[in-house]
Amino acid sequence: MKLNIRRLVFDFLIFGTGLLLSTAQVKANEADTLSNKSEQPEKKEAFKPGEIIFEHIGDSYSWPIATFKDVEVAIPLPVIVYSKTSGVHVFFSSKFDHGHASYQGLEIAKEGKEKGKIVEVQPDGTTIKPIDISITKNVLSLFISLGLMLWMFISIARRYVREPDKAPKGLQSFLEPLILFVRDDIGIPSIGKERHEKYMPYLLTVFFFILINNMMGLIPIFPGGANLTGNIAVTMVLAILTFIITMVSTNKGFWVHIVNTPGVPWWLKLPVPLMPFIEFSSSIVIRPFVLMIRLFANITAGHINVLSFIMLIFIFGAMKPAIGWSFSPFSVAFVVFIYFIELLVAFIQAYVFTLLSALYFGMAKEESHH
Amino acid sequence: MELITPGFGLLFWMIISFLIVWAILKKYAWKPILNALKNREKSIENALHSAEKVKAEMEKLQADNQKLLAEARVERDRILRDAREMKDRIIEEAKILAQTEGKKQIDAARESILNEKKAALKEIKDVVAVLSLQVAEKMLREKLSGEASQGEYIDKLLNEIKLN
């Protein structure tokens with residue numbers, strides 16, 4: 001019975017995706033037959049690799065799959081927008097026709113500060129920014145990865161409950177060493193044997209969230225390909241959560257250490273609170289900020305790297321197709337090389353983020369016995 | 001700078017969904033998994049510990065066995081020695097008994113032989129005495145047919161007896 005439901009869900013996902021794809025294609029076809037008449041000469045415009053790269057690592061209202069000649073194939077995603085003037089709008093992003101059309105007074109800004117975002121066009125021609133909680137490419141990717149995590153860990157947890165003393169098998173034997181790694185090499189050494197248990201759920205969730213999304217970001221097509229852990233909003237939420245947990249875990253010793261650092265001459269503290277200021281900024285302000293930037297920058301840089309090497313082919317190709325073709329093997333070789341490094345980085349960044357979080361949790365109390 | 005400006009939509013969904021997933025995983029995945037791992041480790045540790053204990057016990061048992069074996073060996077040797085001694089003693093005793101018994105029998109035999117000899121000698125003496133009496137009677141009848149010779153003979157006999 002259980003197996004049937006799973007199969008059903010699986011079929012639905014595959015079928016659903018296929019359906020979305022096909023509708024997207026049809027829409028795209030229609031759009032192109034319409035737009036081809038007027039925009040034909042414009043399309044052969046100058047090739048801008050920078051824009052393409054930033055389009056790929058950024059967010060988008062639909063999930064682009066490929067562009068065949070002039071047909072853009074993308075999975076349309078739901079747009080959810082609330083505007084003070086016109087209320088709530090919910091519709092599929094295919095209504096925008098890849099940014100070419102406006103719908104219900106909304107459109108994707110083509111230039112200006114809000115470029116690429118949905119704006120509402122006022123009757124007088126100016127645009128305002130509505131509250132936008134659309135299910136974008138990154139949001140869907142977030143849901144997919146979180147769903148994957150729920151499925152993976154709840155399914156293996158069931159076996160831990162049912163047959164706790166059996167040797168791990170299948171997915172469990174793949175994940176158990178990682179779980180043990182987070183516990184034995186991150187949690188226990190950084191926080192300590194007695195206190196680590198309270199923090200393990202957060203550390204494990206963050207570790208696997210970052211690892212899975214880093215990996216999925218490396219898959220070029222549909223369920224992967226979003227630059228989620230390279231998005232500052234995502235890393236900001238993770239860093240803020242680490243910060244909040246650290247602050248909640250602090251004790252008196254931690255604050256005494258910041259305000260009145262032991263072993264430092266009094267004149268560094270008294271007339272001008274130089275030392276408290278340094279301590280405060282280094283152990284409170286900078287920590288979450290660095291966590292946020294490190295993960296974001298590493299993953300985004302990886303994506304930019306891969307895309308740049310791909311773009312090189314087209315830059316050379318734009319000079320002369322033959323040069324582009326002949327350069328492509330080198331480019332592919334470099335991309336493969338970068339991909340292997342990125343696999344390593346995917347793991348290292350998950351490890352570093354989790355390790356630093358754990359260290360901060362550990363330090364929130366450890367400093368009391370100075 | 002879109003890249004470093006966090007988008008509100010993503011921020012919103014990220015906070016909500018991450019917190020929900022964290023809570024669900026904490027309750028339905030991490031707690032059971034970590035508990036199971038801890039319990040498993042504990043049981044492995046216990047198993048190792050008890051294996052160690054059993055090993056020590058085995059060693060002790062083995063030592064005990066060895067001791068018992070050695071004791072048994074000593075006991076066996078002692079029993080064998082005792083048995084041998086007993087055997088020797090019994091043989092010795094039997095020998096002595098046989099000797100004394102034999103001696104006693106020989107003595108008795110010797111005594112009875114002596115007695116028989118004495119009896120035989122006495123009988124011989126008696127027979128000889130009778131025979132000599134008879135001979136003497138016959139001779140006397142012969143000789144004492146004349147009166148003169150009778151007196152003579154009696155004198156002679158008397159003389160002889162006196163001499164004896």
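Proteins get letters first, then strands, A, B, ... in listed order; numbering begins at 1 in each.
The shortest side-chain heavy-atom distance between A:Thr136 and B:Trp13 does not fall under the 4.5 Å cut-off. Side-chain contact between B:Phe18 and A:Leu241: present, with at least one pair of heavy atoms (C-beta onward) separated by less than 4.5 Å. No side-chain heavy atom of A:Met292 sits less than 4.5 Å from a side-chain heavy atom of B:Pro6. Inter-residue side-chain proximity for B:Leu34 and A:Tyr160 is flagged as unmet; no heavy-atom pair is nearer than 4.5 Å.
When the heavy atoms of residues 179-187 of chain A are compared with those of chain B, the residues falling under 4.5 Å are A:Ile179, A:Leu180, A:Arg183, listed by number.
Ranked by non-hydrogen atom pairs under 4.5 Å with chain B, the options A:Val161, A:Thr300, A:Asn138 are led by A:Asn138. The candidate from B:Arg40, B:Lys31, B:Lys26 with the greatest count of non-hydrogen atom pairs under 4.5 Å with chain A is B:Arg40. Looking only at heavy-atom pairs under 4.5 Å with chain A, the residue among B:Asn35, B:Leu37, B:Ile20 that has the most is B:Leu37. Here A:Leu238 is the residue among A:Leu238, A:Leu228, A:Leu175 with the most heavy-atom pairs under 4.5 Å with chain B. Counting heavy-atom pairs closer than 4.5 Å to chain B, the top-ranked of the candidates A:Val206, A:Leu142, A:Asp132 is A:Leu142.
Paired with B:Trp22 under the rule ring pair (Phe, Tyr, Trp, His ring centres under 6.0 Å), one option of A:Phe153, A:Tyr202, A:Tyr199, A:Phe208 passes, and it is A:Tyr202. Evaluated for a side-chain contact (heavy atoms from CB on, under 4.5 Å) with B:Met14, the options A:Leu146, A:Val139, A:Thr235, A:Val234 yield exactly one hit, A:Val234.
The neighbour count for B:Glu57 CD, taken as heavy atoms of other residues, nucleotides or ligands under 6.0 Å away, does not exceed 12. The number of heavy-atom neighbours closer than 6.0 Å to CD of B:Glu123, taken from other residues, nucleotides and ligands shown, is 12 or below. Counting non-hydrogen atoms of other residues, nucleotides and ligands closer than 6.0 Å to NE2 of A:His89 gives a total above 12. Within a 6.0 Å sphere centred on CZ of A:Phe143, heavy atoms belonging to other residues, nucleotides or ligands number more than 12. Enclosure of atom CD in B:Glu71 by more than 12 non-hydrogen atoms of other residues, nucleotides or ligands within 6.0 angstrom is indicated.
In this structure, CG on B:Leu10 lies 4.5 Å from CG on A:Asn231, to the nearest 0.5 angstrom. We find the CE-CD1 distance between A:Met236 and B:Ile15 to be 7.0 Å, quoted to the nearest 0.5 Å. Note that the CG atom of A:Leu150 and the CG atom of B:Leu25 stand 5.0 Å from one another [nearest 0.5 Å].
Of all the heavy atoms in B:Leu11 and A:Ala233, the pair that sits closest is CD1-O, 3.4 Å. For the pair B:Phe8 and A:Ile131, the tightest heavy-atom approach, listed with the atom from each and the gap, is CE2-CG2, 3.7 Å.
Of the two parts of B:Tyr28, the backbone and the side chain both hold a non-hydrogen atom closer than 4.5 Å to a non-hydrogen atom of chain A. Only the side chain of B:Leu19 comes within contact range of chain A, judged by heavy atoms closer than 4.5 Å. For B:Ser43, the part lying near chain A is the side chain, with the backbone staying farther off; criterion is any non-hydrogen pair under 4.5 Å. Looking at A:Lys166, the atoms closer than 4.5 Å to chain B (heavy atoms on both sides) all sit in the backbone: N, CA, C or O.
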